[in-house]
Structures are given as structure tokens and as C-alpha cells.
Number of protein chains: 2
Amino acid sequence: MTTEPLIEHIKQQVDPRPEDLHLFTSKFREVVVTKGKFLLQPDTHVKHEYFVVKGCLSAYYLDKKGNKSIVQFAIENWWLGDFDAFYNGVPSKLYIEALEDSTLLAINYNDLQTLFQQSPIFERYFRILVTSAFISLRKRILSSLGKSIKERYLEFCESYPNIEGRVPNYQIASYLGVSPEGLSRARRKMKALKKS
Amino acid sequence: MTTEPLIEHIKQQVDPRPEDLHLFTSKFREVVVTKGKFLLQPDTHVKHEYFVVKGCLSAYYLDKKGNKSIVQFAIENWWLGDFDAFYNGVPSKLYIEALEDSTLLAINYNDLQTLFQQSPIFERYFRILVTSAFISLRKRILSSLGKSIKERYLEFCESYPNIEGRVPNYQIASYLGVSPEGLSRARRKMKALKKS
DNA sequence: CAATATGATTGACTTAAATCAATTAGGATT
DNA sequence: AATCCTAATTGATTTAAGTCAATCATATTG
């Protein structure tokens, strides 16, 4: 099991002592999900949070009519999970599906709480992570309010250049909350503009 | 200066020692903003985060065309600020305007960082706060993707029963990313349904 | 009480994007 | 190369919501 990417990620945010890191990595176990399989499905008790070591996944909700809304993509060095279910103990409503063969590191709730007690540096690590995730979500909200498909797609490509190209467009459409046809037309118009 | 509401709020989330609280409250100063005045305007260096003791405020962006997008309302016991500008040191693009005469408690960046060092319990307090704010934003994203005005308005009223009724409808429309006329029509249809 | 201002509603019209249906384009697989 | 399968594109049509303009409701103030 390789925890190297996670350790690197932590070191970018905080400055843990070796013993903190040792404690930290001891709490994780490796999880492998092959393409098309699910890491999480609704109506389950969510025990883990996940760090993506390799691969690509999407997290989405399905409403009663079967409409899919992707709330998050995750690639290497992203955290992923149903935070609501994980922290509030409510049943999950989320699907997490592997878009590529993926390897993740999982930590369970009790281990994480123990960790926070024993090494407050990780409280800081997660505070910083969640704060920047919050800021990103605010930008996404802003993008989804009153902007055209074209504008939203451009902002998406700018924010997540590593994801555009790696996942099919109809998935990106679902993330943006638009139809695949709508996204296709917006992309065509953009190409026409570029040429001129 | 009354820090009571803030202390109460903290105690609901974590269990601080008296000396932690004493240190904490010493870092705050009181700020008063009268109705219609601004707590924050774009292109300023954001030095503070705010806790609302009394009143009601809105935080919004204006795009080039002058369209307003409200990203947050804040009433009693809410935290408020331009987190992006505050944590990342970039110039603010946000307006924060008082919708009622308001009293807030402000803490500046350096004091907050010092506080985190000296009392890790507050690192935890903010981690918990931001995590739940993140979860709420995810719900809002979900609501804004592909849902009708009526559905979004209903979810808003359910999520923020204290705000609906306290701020004018055209502000709520701006928060939902719809036109005031659109919200008005949605509300009328809802009333018609209720009667039957 | 008239006068004013603010917010909410309504009607007429327009528009962006969804939907539905069909076709095309690429990759795999054999 | 022929067949499949999935994703992307295109065209035709519908629809939800925006825009514009006017009116109504209600407080507030001189």
C-alpha cells in the first residue's frame, strides 16, 4: 500500500512531525474500484472518507425522475466521500462510481476522530482542505447562477483542466447541470469563434 | 461588547476550557453597520471574518452587466466574510451589505492564526463549521442544478425559514438565481395549489 | 390626506436551453 | 474490414424562464 501521495499532499498544507505521519498512515487501508463499479451507493451507512491515489471517479445523486446530478469529480490527490452522511450519520443518498480503474485510501470515522485528538495538526489539515473546498463550491454556485452554458463550460475547463478531456462530455454536462446536446452546441459555437 | 452569542455558538460545537474562551473573546472587536451600508466592498484587502450578533446581511457579486448574485444571507449566529480573499490574500470581489441595522464581531487574520496555534480547540471549531457550511453548499448546488423555480424556492424556505419573511422576495430571487418576476409567478402557483 | 418610494404582481413577448428523434463519429472486438 | 457500442452531434420542436413595461399594494413622509 502506497501512502506517498497522501503524505505529499499533507506536507503541502501543514508541517507534521514524523510521529504524526506514522500515526496517520497507520489508520488507512487501500481500496480498489474497477471502472464502472461503485465505491458507494445510496441507503448505506457511510463509514469512510477517501483519498484518490490513482484513477477518476464521480459522485452523483439521482432524483425520482432518474435525472443524474454530478456533484463532484475526483482524480489523483482529491478527497472524496459523502460528507453529510459521514459526519452527520444520516443514510447516504450518493452514488460514487469509478470512471476509471481507481485506487483509494480509506479512513473510517472513529479512526479519524481519534486522530484529531492525538494529532491536532490533522484538524488543521482538514480545516484547510474543507475551507478551500468551500471556496471552490462558492465559485461553482456563482457560475451556476445566471451564467450561460458556454460561460459555465469555460469556467469548468479553466478550473479543472485535468478533468476536461479525461471524462466524457455528457458527464461534464451533468456536472454543469445542462443537457449533453446543450453542451455540444455550446462547444461548437466556441470552435467557430476560435477560428475567426 | 457582548460576546455571549458567540460563546454559546462555540459551546454547541466544542468544549473549550475557560482560558480558551478568554483568549478567544479578547481577539474580537465589535462592528456596527446600519441598514443599506456596506461591511465590505470589492477591491479591498480583507482583514476580518465576522460573526453576526444581531441583524441581517447579504453577500453578493456583481458581474460586468450589473447582475447581482447573492451568495449568502447571514443572520444571528452566522459567520460571514469573503473567505477566498481572507484566506488567500486576493483582493475581494464581494459586497457585503446590511439589510437591517446589524452588530457583528470581527476577528483579524493574524489574531485568528495565533489563536489556532495557542488553542487548537478553535481549529476544531472552525473545521466543524466549515464542514457543515460545505455540506449546505453542496445541497444548494444540487438544488440549483436542473430544479424548477418552485422547487428551489420551497427548498430555500425549508432550509432557511428564518430568512424567508425577513428579506424581500427580490433578494431571495437573486439568491436563487432567478428573476423577481419568475419567483412571483412561482409563488402564485404555489398558493393556487394550497387552496385546492 | 396627497405624494412618494419601494416592492410585488401581471401581461405580452422573446429567448435560451430542454426534449425528442435521428444521424454520425470513433473506438473496440472479433 | 465488418460489426458493435458508446459518445457526440445535428435538426425540429417545445417549454421554462427571462425581459420589458405597466400596474397594483403598501408603507412612509411632508
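Numbered from 1 within each chain, the chains take letters A, B, ... in sequence-line order.
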Worksheet item: Does the side-chain contact (heavy atoms from CB on, under 4.5 Å) test come out yes or no for A/Leu104 and A/Val53, once each step is laid out?
Response: CA-CA 5 Å; A/Leu104 303 100; A/Val53 173; 6.0 Å; no

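- Residues B/Asn67 and B/Leu62 fail the side-chain proximity criterion, which asks for heavy atoms closer than 4.5 Å.
- Between the side chain of B/Arg140 and the main chain of B/Val71, a donor-acceptor pair closer than 3.5 Å is present.
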Check step by step if side-chain hydrogen bond (donor to acceptor under 3.5 Å, both in side chains) holds for A/Asp82 and A/Ser92.
CA-CA 7 Å; A/Asp82 185 338; A/Ser92 175; 2.9 Å; yes

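- When the nearest nucleotides of DNA chain C are assigned to A/Asn67 and B/Leu183 by heavy-atom distance, the more 5′-ward of the two goes with B/Leu183.
- Between A/Leu105 and A/Thr3, the closest side-chain pair of non-hydrogen atoms falls below 4.5 Å.
- Rounding to whole angstrom units, OH of residue A/Tyr153 and P of C/dA17 are separated by 16 Å.
- Although no hydrogens or angles enter the test, the distance criterion places no donor-acceptor pair under 3.5 Å between the side chain of A/Ser184 and the main chain of A/Pro180.
- Tested against B/Phe134 for a ring pair (Phe, Tyr, Trp, His ring centres under 6.0 Å), the candidates A/Phe83, A/Phe86, A/Phe134 yield a single pass: A/Phe83.
- Not a single donor-acceptor pair under 3.5 Å links the side chain of B/Ser102 to the backbone N or O of B/Ala98.
- Heavy-atom contacts of chain A under 4.0 Å fall on DNA chain D between two terminal nucleotides, which in 5' to 3' order are D/dA7 to D/dA12.
- Between the CG atom of A/Leu145 and the C1' atom of C/dA17 there is a distance of 17 Å, given to the nearest Å.
- Put simply, the side chain of A/Gln72 gets close to the backbone of A/Trp79: a donor and an acceptor are under 3.5 Å apart.
- Between A/Tyr153 and A/Phe156, the ring planes lie parallel to each other; the angle is under 30°, not in the 30° to 60° tilted range.
- Under 4.0 Å is where a charged nitrogen must lie from a carboxylate oxygen, and between B/Glu155 and B/Lys147 at least one such pair does.
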Grab the N/O contacts between the protein and nucleotides 5-8 of chain C below 3.5 Å, and write none if there aren't any.
residue, atom, partner, partner atom, Å
C/dG7, OP1, B/Tyr170, OH, 3.1
C/dG7, OP2, B/Tyr170, OH, 3.4
C/dA8, OP1, B/Asn169, N, 2.9
C/dA8, OP2, B/Asn169, N, 3.4
C/dA8, OP2, B/Tyr170, N, 3.2

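- With a 4.5 Å cut-off on side-chain heavy atoms, B/Ile107 and B/His48 do not count as touching.
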Check nucleotides 21-24 of chain C for protein N or O atoms closer than 3.5 Å to its own N or O atoms and list the pairs.
none

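- Axis deviation across the helix from C/dC1-D/dG30 to C/dT30-D/dA1 amounts to 30°, comparing end segments of five pairs, rounded to 10 degrees.
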Are any protein N/O atoms closer than 3.5 Å to N/O atoms in nucleotides 12-16 of chain C? If there are, list each pair with its distance.
none

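- Across all strands shown, B/Gly146 has no heavy atoms under 4.0 Å from either base or sugar-phosphate atoms.
- Note: B/Phe116 and B/Phe126 meet the aromatic proximity criterion, with ring centroids under 6.0 Å apart.
- Applying the salt bridge (charged side-chain N to carboxylate O under 4.0 Å, His left out) test to pairs two or more places apart or on separate chains, those with a residue in residues 59-80 of chain A are A/Glu76-A/Arg166.
- Salt-bridge formation is detected for the pair B/Arg127/A/Glu123: a Lys NZ or Arg NE/NH1/NH2 atom is positioned less than 4.0 Å from an Asp or Glu carboxylate oxygen.
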